[in-house]
Undergrad: 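Okay, here's the structure, questions in a sec.
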Amino acid sequence: MIRDARVLDPEFVPSEVVHRDGEVDALSNALDPVTDGEPAETTFLFGPSGTGKTCLARYTVGQLREAVIDIRTQYVNCWQNYSRYRVLYRILEGLDRTIDIHRQSTPTDVLLERVQAYDGPPYVVVLDEVDQLEEPSVLYDLYRTHEVSMLLVANREEDLFAGLDDRLVSRLHGSRRIRFEKYGIDELAAILRARVDRGLTEDAVRDADLRYIADAAAGDARIAISTLRAAAREAGRQGLDRIPESVIRGAVPEARQEIQRKNLDQLKPHQKVLYEIIEEHGTVDPGTLYGTYRERVSDPRSDRTVRTYLNKLATYDLIVAEGENRGRVYRVA
DNA sequence: GTTCCACCGGAAACGGGGGACC
DNA sequence: GGTCCCCCGTTTCCGGTGGAAC
């Protein structure tokens with residue numbers, strides 16, 4: 001039944017983007033100077049998870065690469081590359097200029113100097129999840145680098161700017177902004193249909209079932225595509241040539257659990273212990289949480305580090321921190 | 001109204017791991 | 001082999017906040 005499993009991967013960049021014409025045009029216009037060998041203005045892509053920001057950024061940059069001979073591009077995920085050093089390193093990787101750079105001995109400033117010394121063809125850098133940067137000052141460094149054009153992807157504009165210093169905010173104030181709204185059910189169903197047509201055999205899924213998935217995903221294309229993939233996998237396991245409604249319905253919670261499992265797998269052992277304690281309690285106050293954690297592990301980290309871990313868990317959407325100060329409680333998301 | 005205290009998170013310091021250099 | 005330098009995870013220190021107790 002599966003013809004091309006790649007298209008069922010949420011990371012897959014399709015050859016045509018569905019229901020984002022306005023956003024594609026806006027981004028193409030922003031990148032237009034690159035076609036004349038000039039740098040593009042800094043552009044923000046804002047919107048909730050699963051609204052196609054990353055997909056569209058990669059798609060548009062891909063189109064640009066097809067149209068322009070002299071261009072360099074790089075994608076940097078700031079969730080994984082959260083320090084100034086790692087961002088600059090990834091950017092130099094895109095220029096093939098990391099050959100003599102050593103993780104443990106080359107100062108960050110040397111990396112920056114090398115990026116700033118670049119004077120080749122336009123270089124378009126996509127900084128995804130830019131609100132996860134621990135050292136946003138790197139944006140200032142890059143802003144001052146003439147040949148580098150930045151596409152900055154983030155969920156919420158307010159959250160991103162709240163974490164930046166005034167100097168950077170004023171510089172970025174005039175930058176172009178493209179906003180993404182959540183997909184409607186019809187739009188999501190159309191996105192799924194396009195993937196089914198390319199990735200599965202004909203009539204593998206009914207339109208009504210695609211609408212069911214779209215509805216359950218609540219506007220999040222990533223969840224919708226994961227659900228479709230989970231359903232296709234289960235139907236394949238059962239040796240079916242179509243995905244029945246019962247499998248579709250079972251795939252909805254399965255896809256959400258899979259996303260959560262992936263997030264849990266990325267945690268360090270101490271972070272997992274904290275998550276388990278919160279899960280066991282349902283809702284737990286900080287004092288009890290810290291105390292239980294200290295009892296449960298042989299080499300507990302300091303309370304301050306625990307707070308850093310808890311913030312990490314919250315950013316992963318694994319837990320929720322409710323209330324302030326003494327009223328603070330933690331619960332699983 | 002004042003004091004106490006639990007909690008948060010920023011900033012700086014510390015130390016481990018590892019590569020470069022002599 | 002010893003020393004220096006760097007990144008990065010962690011700890012230490014501490015100021016801010018606001019509810020509880022007096």
Side-chain angles (χ1 to χ4, degrees), chain A residues 76-117 127 129-142 154-156 158-169 263-275 277-278 281-333:
Chain A
V76 182
N77 186 309
C78 298
W79 178 271
Q80 280 131 21
N81 304 279
Y82 46 82
S83 70
R84 184 167 173 251
Y85 187 91
R86 290 189 191 179
V87 169
L88 292 171
Y89 187 88
R90 285 279 297 156
I91 287 172
L92 284 173
E93 266 186 336
L95 297 171
D96 303 321
R97 294 187 185 189
T98 53
I99 190 91
D100 57 342
I101 285 179
H102 303 281
R103 280 287 292 277
Q104 308 294 340
S105 56
T106 311
T108 310
D109 286 347
V110 171
L111 272 64
L112 177 60
E113 280 168 21
R114 204 172 284 197
V115 172
Q116 289 179 330
L127 294 174
E129 305 200 57
V130 72
D131 43 352
Q132 298 302 320
L133 277 177
E134 287 186 5
E135 293 173 283
S137 61
V138 71
L139 298 181
Y140 188 71
D141 298 330
L142 295 172
N155 284 11
R156 285 165 52 85
E158 309 83 70
D159 293 348
L160 174 63
F161 281 93
L164 305 180
D165 70 22
D166 296 344
R167 182 184 58 171
L168 192 51
V169 170
N263 285 336
L264 278 172
D265 285 346
Q266 293 183 58
L267 299 180
K268 297 175 187 172
H270 284 262
Q271 296 170 336
K272 277 190 182 148
V273 170
L274 286 165
Y275 178 81
I277 295 169
I278 297 169
H281 281 78
T283 300
V284 61
D285 63 276
T288 308
L289 176 58
Y290 295 164
T292 312
Y293 161 75
R294 279 194 295 269
E295 287 167 11
R296 198 165 292 189
V297 298
S298 57
D299 55 339
R301 303 284 185 262
S302 68
D303 287 359
R304 180 68 188 84
T305 301
V306 167
R307 285 198 284 278
T308 303
Y309 287 168
L310 291 169
N311 283 337
K312 199 83 180 169
L313 296 182
T315 320
Y316 271 121
D317 283 334
L318 290 168
I319 66 165
V320 178
E322 288 174 334
E324 299 289 323
N325 302 309
R326 291 195 167 189
R328 170 61 64 90
V329 289
Y330 295 98
R331 63 174 176 80
V332 290

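In this text the structure is predicted, and so the values were computed from the model without any measurement. Throughout, a chain's letter reflects where its sequence line sits, starting with A, and its residues are numbered from 1.
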Undergrad: Assess whether a salt bridge exists between A/D285 and A/R326, defined as any Lys/Arg side-chain N lying under 4.0 Å from an Asp/Glu carboxylate O.
TA: no
Undergrad: OP1 or OP2 of C/dG9 less than 4.0 angstrom from a side-chain nitrogen or oxygen of A/Y82, does that happen here?
TA: yes
Undergrad: Nearest 0.5 Å, what's the CG-CZ distance between A/L289 and A/R307?
TA: 11.5 Å
Undergrad: Which whole-number value in Å describes the distance from A/Y290 OH to C/dT11 P?
TA: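 A/Y290 atom OH is separated from C/dT11 atom P by 13 Å.
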Undergrad: In whole Å, what is the span from the CZ atom of A/R328 to the P atom of C/dG19?
TA: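 Result: 13 Å.
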Undergrad: In this structure, how many angstroms lie between the P atom of B/dA20 and the CG atom of A/D100, rounded?
TA: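 Going from CG in A/D100 over to P in B/dA20 covers 10 Å.
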Undergrad: For A/R86 and C/dC8, is the shortest distance between a side-chain N/O and OP1 or OP2 below 4.0 Å?
TA: yes
Undergrad: What nucleotide among B/dC5, C/dC13, B/dC8 has an atom nearest to a side-chain atom of A/R307?
TA: B/dC8
Undergrad: Treating A/T98 as the side-chain partner and A/I101 as the backbone partner, does any N or O pair qualify as donor plus acceptor under 3.5 Å?
TA: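 The answer is no, because no donor-acceptor pair under 3.5 Å joins these two groups.
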Undergrad: From NZ of A/K312 over to C1' of B/dC8, roughly how many Å is that when rounded to an integer?
TA: 18 Å
Undergrad: Nearest to the side chain of A/N325, heavy atoms from C-beta on, is which of C/dT17, C/dC6, B/dG9?
TA: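 Nucleotide nearest to A/N325's side chain: C/dT17.
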Undergrad: Measure the acute angle between the ring planes of A/W79 and A/Y316, then classify it against the limits of 30° and 60° as parallel, tilted or perpendicular.
TA: perpendicular
Undergrad: Of the candidate nucleotides B/dA6, B/dG9, C/dC7, which contains the atom at the shortest distance from the side chain of A/R326?
TA: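 Among the listed nucleotides, the one closest to the side chain of A/R326 is B/dA6.
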Undergrad: Just how far, in rounded Å, is C1' of B/dG10 from CD of A/E134?
TA: 13 Å
Undergrad: Does OP1 or OP2 of B/dG9 have a side-chain N or O of A/Y309 closer than 4.0 Å?
TA: no
Undergrad: Between A/D299 (CG) and B/dG16 (P), how many Å, whole number?
TA: 15 Å
Undergrad: Among the nucleotides C/dC8, B/dC7, B/dA6, which one has an atom lying closest to any side-chain atom of A/D285?
TA: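 Taking heavy atoms from C-beta onward, the closest nucleotide is B/dC7.
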Undergrad: Do A/V284 and A/T292 have side chains that get closer than 4.5 Å, going by heavy atoms?
TA: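 A/V284 vs A/T292: side chains apart.
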Undergrad: From the options B/dC8, B/dC7, C/dT11, select the nucleotide whose nearest atom is closest to the side chain of A/R304.
TA: C/dT11
Undergrad: Would you say a side-chain N or O of A/T106 is under 4.0 Å from OP1 or OP2 of C/dC7?
TA: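 A/T106 to C/dC7 OP1/OP2: no side-chain N or O under 4.0 Å.
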Undergrad: Does A/T305 have a side-chain nitrogen or oxygen under 4.0 Å from the phosphate oxygens OP1 or OP2 of C/dT10?
TA: no
Undergrad: Just call it for A/N311: base, sugar-phosphate, or nothing, with non-hydrogen atoms closer than 4.0 Å on any strand.
TA: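 Sugar-phosphate only.
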Undergrad: Just call it for A/T108: base, sugar-phosphate, or nothing, with non-hydrogen atoms closer than 4.0 Å on any strand.
TA: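 Sugar-phosphate: the residue A/T108, judged by heavy atoms under 4.0 Å, touches backbone atoms but no base.
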Undergrad: Looking at A/S302, does any N or O in its side chain come under 4.0 Å of the phosphate oxygens OP1/OP2 on C/dT10?
TA: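 So the side chain of A/S302 is outside the cut-off, no N or O lying under 4.0 Å from OP1 or OP2 of C/dT10.
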Undergrad: From CG of A/D303 over to P of C/dG9, roughly how many Å is that when rounded to an integer?
TA: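 So the two atoms are 20 Å apart, to the nearest Å.
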Undergrad: Heavy-atom distance under 4.5 Å between the side chains of A/Y330 and A/H281, does that happen here?
TA: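 Side chain of A/Y330 against side chain of A/H281, heavy atoms only: no contact under 4.5 Å found.
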Undergrad: Between C/dG9 atom P and A/Q271 atom CD, what is the distance in whole Å?
TA: 11 Å
Undergrad: Taking only the side-chain nitrogens and oxygens of A/K268, find out if one of them lies under 4.0 Å from OP1 or OP2 of C/dT10.
TA: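 Answer is yes, contact under 4.0 Å.
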Undergrad: Which part of the nucleic acid, if any, lies within contact of A/Y330, taking any heavy atom under 4.0 Å across all strands shown: a base, the sugar-phosphate backbone alone, or nothing?
TA: sugar-phosphate
